[in-house]
Every structure is written in structure tokens, then in C-alpha cells.
Peer 1: 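Please see the structure below; I have some questions.
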2 protein chains.
Amino acid sequence: MPTHGTGRGPGDAAPTIGEVAAAAGVSRATVSRAFGRPQMLRPETVERVQEAARHLGYVPNRVARALSTGRFGNLALVVPDIANPFFPPMIRAVQGRADRAGFAVFLGDADEDPAREEVLLRQLSTQVEGFVLASSRLTDERIRAHAERRPLVLVNRDVEGIPRVLIDTTRAVGQAVEHLHELGHRRIAYLSGPAGSWSNRQRRRAVKRAGDRLGVEVLMVPAGRATFELGRLAVPALLATGATAVVAFDDLVAQGVLAGLSEQGVGVPAGLSVVGCDDVLATRTYPPLTTVSARSAEAGAAAVDLLAGMLTPGTPLADTRLLLDTSLVVRVTTGPPPRGGPRRP
Amino acid sequence: MPTHGTGRGPGDAAPTIGEVAAAAGVSRATVSRAFGRPQMLRPETVERVQEAARHLGYVPNRVARALSTGRFGNLALVVPDIANPFFPPMIRAVQGRADRAGFAVFLGDADEDPAREEVLLRQLSTQVEGFVLASSRLTDERIRAHAERRPLVLVNRDVEGIPRVLIDTTRAVGQAVEHLHELGHRRIAYLSGPAGSWSNRQRRRAVKRAGDRLGVEVLMVPAGRATFELGRLAVPALLATGATAVVAFDDLVAQGVLAGLSEQGVGVPAGLSVVGCDDVLATRTYPPLTTVSARSAEAGAAAVDLLAGMLTPGTPLADTRLLLDTSLVVRVTTGPPPRGGPRRP
DNA sequence: TTGTACGCGTTATCAC
DNA sequence: GTGATAACGCGTACAA
């Protein structure tokens, strides 16, 4: 007799379908149907079973069900960094949407590490019906490999053949550069995010293109992992470029820049204009940050919908590529460049 | 023949233990042992099995294993609100710690709703070995009921008999009131957090007691769910009390207060002193917030350790009550009260 | 409409 | 040291 869990305490007997059957005076099959396909049974039978189940505190064992059907009722969401404020709203949205579709959610934090991400995917794959993979740092090849084993939807990662929802910041970043150009800036910097990030590549390219188009010189400053601290530490390098404005990978980095600038005695936007991205900090920075709207919650919800679609038998597997457009949100960290070029303390 | 998962694409055959056995020319039992208890087997046998498994891309099916052993290798973390920056570090810590102990983590966001929390606990209970329940909004009674079914560790919730780790802000909140008293404040306000929150009750009481002890009048201002927006909206009520300083439920609320104050043209700390709690915003507010250190990551890690202990057979079930002490972090949002009482715009 | 019987992939128990 | 076999709890053809 298996220990059946390591549960402690007295009432440790998780009632099984058999006990309910006995209590209701029917067979186990009938109990199973009372839950899964009530319309197959006579209403009074269903009622009797429900009653017995309620009385015993019976909860269908999802593990057993999964073993039998291959359907788990779980899906996994893997993100590179929960601590980045971009993700919590997405996590919430995924959870809520999954819940309504009858799924429970595994959450994996890959800690910006492809190897760790790989491990998560592998170990979760046996108990999950599908994956939402956000801002994956994996290679296209590896993503394809995983997608072959389990239905998988990408967020902010563009791999052909894999369903994906992309928050397209190209237009908004272009607007940001135009905005700076109009203000009179002619030399700006892009402060990079994580190397493996699709969003980072997209934004970097968008800044560069818009700059080229408008005759604005664009300097690239590397930063790495998207954190407040890295933004703060990048300030000297930033100032060294002689740029009069900076577009940061995201709001977190931009906020770090704001702090670093303040330490250096450089005013914003008087000494340097700053643009963020994702709008996760809204008006909570000081000064309130000009930024690019993001739609992470929507992206999460859309991803779950896509996944749910793939999971529904009979749905053709389309190569979906859902684009979520964004726009510039002008607040107060952008202004005309300082007279006589960038101001150094 | 069951569809066996809804996986698409070709190589849809998740290899089973039987196939590995056949390939290695051994029995299924041997394959099982090669993974679970290698020392029971001759090294060369283990090697042969491993080889075959690797060749086929075999991954032990955790679901099947769980059904057989009653051990899932999963644990669930339930929080009231992922979007509150207090939780992400804790989630991370839980994940990391769980990972090292060989557990995958389910995450549930109860959305501050006891009913939703209840549902999560129920539906997760069949696929999880234990729970970490953070800042639960459930009644003691319900918590006890769940704890009887599955091992469960509480964070920031004090229910006798249930293992719990508590971030004890009593001392630090007391320090905050002393700090304000020394600065000359004699009339302060406490801006409340969620009604069901143990932390909120603890802090409210701590402010009250310290006030009584020092002869500082304490006004209570209700706020509700801990959000930036609610802090912002509470500002008029706050000013109406005539208090010269406010202790907010947490940093998020405090930051909202900062914003609301700024809108009303009240300077900080010149017009009003503000103290936060949890130190999740560090120096990222403007002005940098005087606050109470929290230790959410440590709390999460400790909770997992406790849980892992309970799950280890042979461990006596102790009524653990782990207290994590905190202290005041003075930054710049506190100063002497305005001359001639609180300044109204 | 309801019951019987088998299979899902794994581990534990007992033989060998 | 290794192999057969019975659970684990549930879903579902198939039979009644």
C-alpha cells in the first residue's frame, strides 16, 4: 500500500472515484461521467453522485486523469525574469485567461539563462499541455525542437513556423526618434538590453533606422541585463558619447539612468533627454518618463488564446504571427537639447 | 488507443520506459531503477540503459510516477497579487530553492480574493506535494482545513499549529515612530493596507503601540488594496487628519502618497514626512523613501526549506514559527514637521 | 442509461 | 542484480 502522498494529519484519505461510487451506489464509470459528461446520465443519477461527492469532499485527481487521457489541464509560462516589472501583468493575464479555459499554470523563471530555460522546458513538458514562452533566450533551433514535442506559443520572439505574439515597438520607437529630432536632437544614444532579447534587437534596429532616415546620429551603448542598477552604472558611458538624448531598452533601465544622472548632477530633460520603453512605470518615476507603451497583459492573454486554440482538436495549425502595435507616450523627460551641446558636470 | 497528448508535428512519440527497456534489452523495472536507484544496479547495466534512454530522448514521465508513488515533485506557491513588487523576489527565491530540492513550482495569483484562493488550493492539491501560502486572505479555519490535506507553510500569516515564516515588522515600525517622534512629530497617521492582511494588522498595531508609548497621537486612515493608485487617492483624507507624518502600509502605497502629495503641491518632507514598508522600491522613488526593510526573498526560501523538511519522511512535525526581524531604513522622506503644524496647500 | 474491463507509464514487492 | 506483476485513480470502448 503506497504512502499516497506525504500528507500529514488525520483525514489524510483523499477520496477516490471508487469511494464516491460506493457511496452513491453506482459504478466508477458513472461517477466519472457525472463529472465529465453529465448529459450522458439521467439527471437524478448525476444529482445523487454529486451529492455523494460533495459529502466526501471528492476532488477528481488530475494526475490520474492526465495519465489516462494525456490531457493535463496545465500549461506552463516561462519568463526570463519575474522581477522585471514587464512580466507580472503578463503573468496575471496568462493566469486569468488560462483559468477561464480550465488550465492551471506552471511558472518558470529562467533567470536570463538559456540552460536554465532548457531545463525548465524539459522537466515541465511531462505535466503540461502546452507552453507560453516569453522573451525566450533560446536559439531558434532549440525552440523548434521543443515546439515539436508540445504546443508552444512565443511572446516577443519571432521564429517562423511557431505561433507568436509580438509587441511591435518599431513604430513607437520611430516616433520617439522623430520626437527627439523635432526637439532639435542630432546625436542620440541607444542603451541596449539583454543580448539574446528579440525586443532589444528590434528596438536597436528601429532606433538606427529612424536615425538614418532623419539624419540623427545614433550611438550604441551596451548595458546587458535589464535592471535599474545597470542603467545607473551605464550613465558615465552614456555621457561620454556626447549624445543629448538616450533611448533606453526599457523603463527599468531608463529609471536607472534617471537615478545615475541625478547623482552626476545632470538635469532631465535640461541636460539629457531620456526615453524609456514598455510603460511599466507610468508616472511613478521622477520626472515622469517619456516612454513607449507596451501591452504585456494583452500579449499574455493572446498567447493563451492561441495556445488554447492549438489544443482544441480540429483546429488547423496556422502559422500565426500576431502583432501588437505600440505608440509613444510623451511625458516630461524629453525636451530640447542643452544649448552648446551636451552638458557635462 | 489514447491520443497521448495533443502534441503536433511528427516525432510525437514520447518514448516510454518500455521502449527504453526493449532497446536496452532489460526489463522496465531495471530502467526504472537505473534512474531512481542506480546503486542497486551493476554499473555497466546502468550505462547501457542510460545510453538507450539518451538515444531515444527518454524523459521519465512525472505524471505516471506521481500516480504510482503519490509524490509529485511539484509544489504550489499562492500569492494574493503578483503585481505587488513585494512578491516577485519571493517568487524567485521560492523557485530557486524548490528547484534545488527537485521541485517544480505552480504559481497561483489569488487576486486578493479568498474565493479564488480557495479554488486554487483545491485544484492544485491533486498535483502538488505541498503549499507555500503567502499572505493568505483565507480564514484560519480554512487554512487549517487545507493544511490537514497537504503539507502547507504560511508566509506572513500567523496561525497556530501551522508552520509559518513571519516578517516581523513590529520592531522596525516602532523605530519608525521613534524616529518621527525624535524629529518632533506628535500627530501621525497610519495608512492601512488590505483588510485581510496579517501584515497590515501587525503594522497597524505596532504604530499604535509605539505611538501610545511615546505620546504620539495616531490616526488610522483606511486604504484597501495595496496599490500606487490607492495611495495617491488617499492623500486628501490623509491631509484632512492634520497629521504631520504618515506611515504607509507598504512602499507601493507610500509611492502613491508621494505622487498625490506632489500633485497637491505639498513638499516631502517639508510639508509631510512619509515612511514606507518592505523596501521594495529602494532608492527608486523621488525623493528616496524612508522605509522598513523587508526580507521577502529570505522568507520565501525559508518557507520552501520548511516545506521540504515536512516532506522528508522521518522529520518530526514541529510547530515552527520563524520570525524574520526588520529594521528602519532612513532615507530622505522624513524630516521635522512643518513649523506651525501641518501645511495645507 | 449504466456497468465491465482494460490501458495510461511508473514504482514497489516479491520472486528468481 | 534483475525480472514479472500488481497497484496508483481515472477515462472510455464495449457490452448489457
Side-chain angles (χ1 to χ4, degrees), chain A residues 1-7 12-49 52-53 56-73 125-127 129 313, chain B residues 1-7 12-49 52-53 56-73 125-127 129 313:
Chain A
M1 61 204 71
T3 6
H4 185 50
T6 321
D12 190 5
T16 74
I17 204 170
E19 303 177 34
V20 178
V26 298
S27 76
R28 301 182 322 200
T30 301
V31 177
S32 173
R33 287 175 189 128
F35 281 85
R37 250 168 286 286
Q39 69 282 14
M40 274 184 70
L41 265 44
R42 195 187 321 162
E44 82 185 42
T45 309
V46 175
E47 179 50 43
R48 189 152 37 106
V49 172
L56 272 62
Y58 168 74
V59 180
N61 186 323
R62 302 183 73 154
V63 172
R65 179 192 318 220
L67 189 58
S68 169
T69 61
R71 308 202 37 186
F72 307 91
S125 69
T126 56
Q127 34 189 347
E129 274 183 271
Chain B
M1 59 204 76
T3 4
H4 184 48
T6 321
D12 190 3
T16 75
I17 204 171
E19 302 177 33
V20 178
V26 298
S27 76
R28 297 178 318 187
T30 301
V31 176
S32 173
R33 291 193 266 254
F35 281 85
R37 252 168 287 285
Q39 71 280 12
M40 275 185 68
L41 266 42
R42 194 185 322 161
E44 82 185 44
T45 310
V46 175
E47 178 50 42
R48 191 154 35 110
V49 172
L56 272 62
Y58 168 75
V59 181
N61 185 323
R62 303 182 70 159
V63 172
R65 177 183 310 191
L67 187 59
S68 172
T69 62
R71 310 200 34 182
F72 307 92
S125 70
T126 55
Q127 34 189 349
E129 272 182 273

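Per chain, numbering begins at 1; letters A, B, ... match sequence-line order. Note that these values count all heavy atoms, side chains included, but never hydrogens, waters or copies made by symmetry.
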Peer 1: Does Ser32(B) place a side-chain N or O at less than 4.0 Å from the phosphate oxygens OP1/OP2 of dT11(C)?
Peer 2: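 Result: yes.
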Peer 1: Specify the separation, in whole Å, of atom CZ of Arg28(B) and atom P of dT11(C).
Peer 2: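 So the two atoms are 11 Å apart, to the nearest Å.
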Peer 1: When the nearest nucleotide of DNA chain D is assigned to Arg62(A) and to Arg48(B) on a heavy-atom basis, which residue is associated with the more 5' position?
Peer 2: Arg48(B)
Peer 1: Base, sugar-phosphate alone, or nothing: which one does Val31(A) contact when heavy atoms must sit under 4.0 Å apart?
Peer 2: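 The residue Val31(A) makes no contact with any strand.
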Peer 1: When the distance from CD of Gln127(B) to P of dG9(D) is rounded to whole Å, what number comes out?
Peer 2: 16 Å
Peer 1: Quick check for you: among dC10(D), dT2(D), dT12(D), whose closest atom lies nearest to any side-chain atom of Ala29(A)?
Peer 2: dT12(D)
Peer 1: Could you check whether any side-chain N or O of Arg48(A) sits under 3.5 Å from a backbone N or O of Ala24(A), counting only pairs where one atom can act as donor and the other as acceptor?
Peer 2: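 Answer holds: yes.
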Peer 1: For Leu67(A) and dG11(D), give me the distance from atom CG to atom P, rounded to whole Å.
Peer 2: 11 Å
Peer 1: Applying a 4.0 Å non-hydrogen cut-off, can you work out what Val63(A) is touching in the nucleic acid: base, sugar-phosphate, or nothing?
Peer 2: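 Nothing, no heavy atom under 4.0 Å.
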Peer 1: Name the residue closer to the 5' end of DNA chain D, choosing between Arg33(A) and Ala64(A) according to the nucleotide with the nearest heavy atom.
Peer 2: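 Final value for this comparison: Ala64(A).
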Peer 1: Nearest whole Å is fine: how far is dC10(D) P from Arg37(A) CZ?
Peer 2: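 The answer, rounded to whole Å, is 15 Å.
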Peer 1: Among dG9(C), dG9(D), dA12(C), find the nucleotide with the atom closest to the side chain of Asn61(B).
Peer 2: dG9(C)
Peer 1: Roughly how far apart are Phe72(A) CZ and Glu129(A) CD, rounded to 0.5 Å?
Peer 2: 7.0 Å
Peer 1: Distance check needed: dG9(C) P versus Phe35(B) CZ, whole Å only.
Peer 2: 16 Å
Peer 1: Quick one: is dG9(C) close enough that its OP1 or OP2 comes under 4.0 Å of any side-chain N or O from Ser68(B)?
Peer 2: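 No, no such contact exists.
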Peer 1: Any side-chain N or O of Thr45(A) less than 4.0 Å from the OP1 or OP2 oxygen of dT1(C)?
Peer 2: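 No, Thr45(A) has no side-chain N/O under 4.0 Å of OP1/OP2 on dT1(C).
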Peer 1: Within this structure, what is the CD-to-P distance between Gln39(B) and dG1(D), rounded to whole angstrom?
Peer 2: 11 Å
Peer 1: Mind checking the CZ-OG1 spacing from Arg42(B) to Thr30(B)? Nearest 0.5 Å is all I need.
Peer 2: 10.5 Å
Peer 1: Please state how far atom CZ in Arg71(A) lies from atom C1' in dG9(D), giving the value in whole angstrom units.
Peer 2: 18 Å
Peer 1: Grab the CD1-C1' distance between Ile17(B) and dT2(D) for me, whole Å please.
Peer 2: 14 Å
Peer 1: Which one, dG9(D), dT4(C), dT10(C), comes nearest to the side chain of Arg65(B)?
Peer 2: dT10(C)
Peer 1: So which nucleotide from dC10(D), dT2(C), dT11(C) ends up closest to the side chain of Thr30(A)?
Peer 2: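 Looking only at side-chain atoms, Thr30(A) lies closest to dT2(C).
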Peer 1: If I compare all heavy atoms of Val63(B) with all of Leu67(A), which pair ends up nearest, and what's the gap?
Peer 2: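 Of all heavy-atom pairs spanning Val63(B) and Leu67(A), the closest is CG1-N, 4.0 Å.
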Peer 1: Check whether any side-chain N or O of Arg65(A) sits under 3.5 Å from a backbone N or O of Pro60(A) as a donor-acceptor pair, and report yes or no.
Peer 2: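 Side chain of Arg65(A) to backbone of Pro60(A), a donor-acceptor pair under 3.5 Å: no, none is there.
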Peer 1: Ignoring backbone atoms, establish whether Ser27(A) has a side-chain N or O less than 4.0 Å from OP1 or OP2 of dT2(C).
Peer 2: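 Checking dT2(C) against Ser27(A), no side-chain N or O comes under 4.0 Å of OP1 or OP2.
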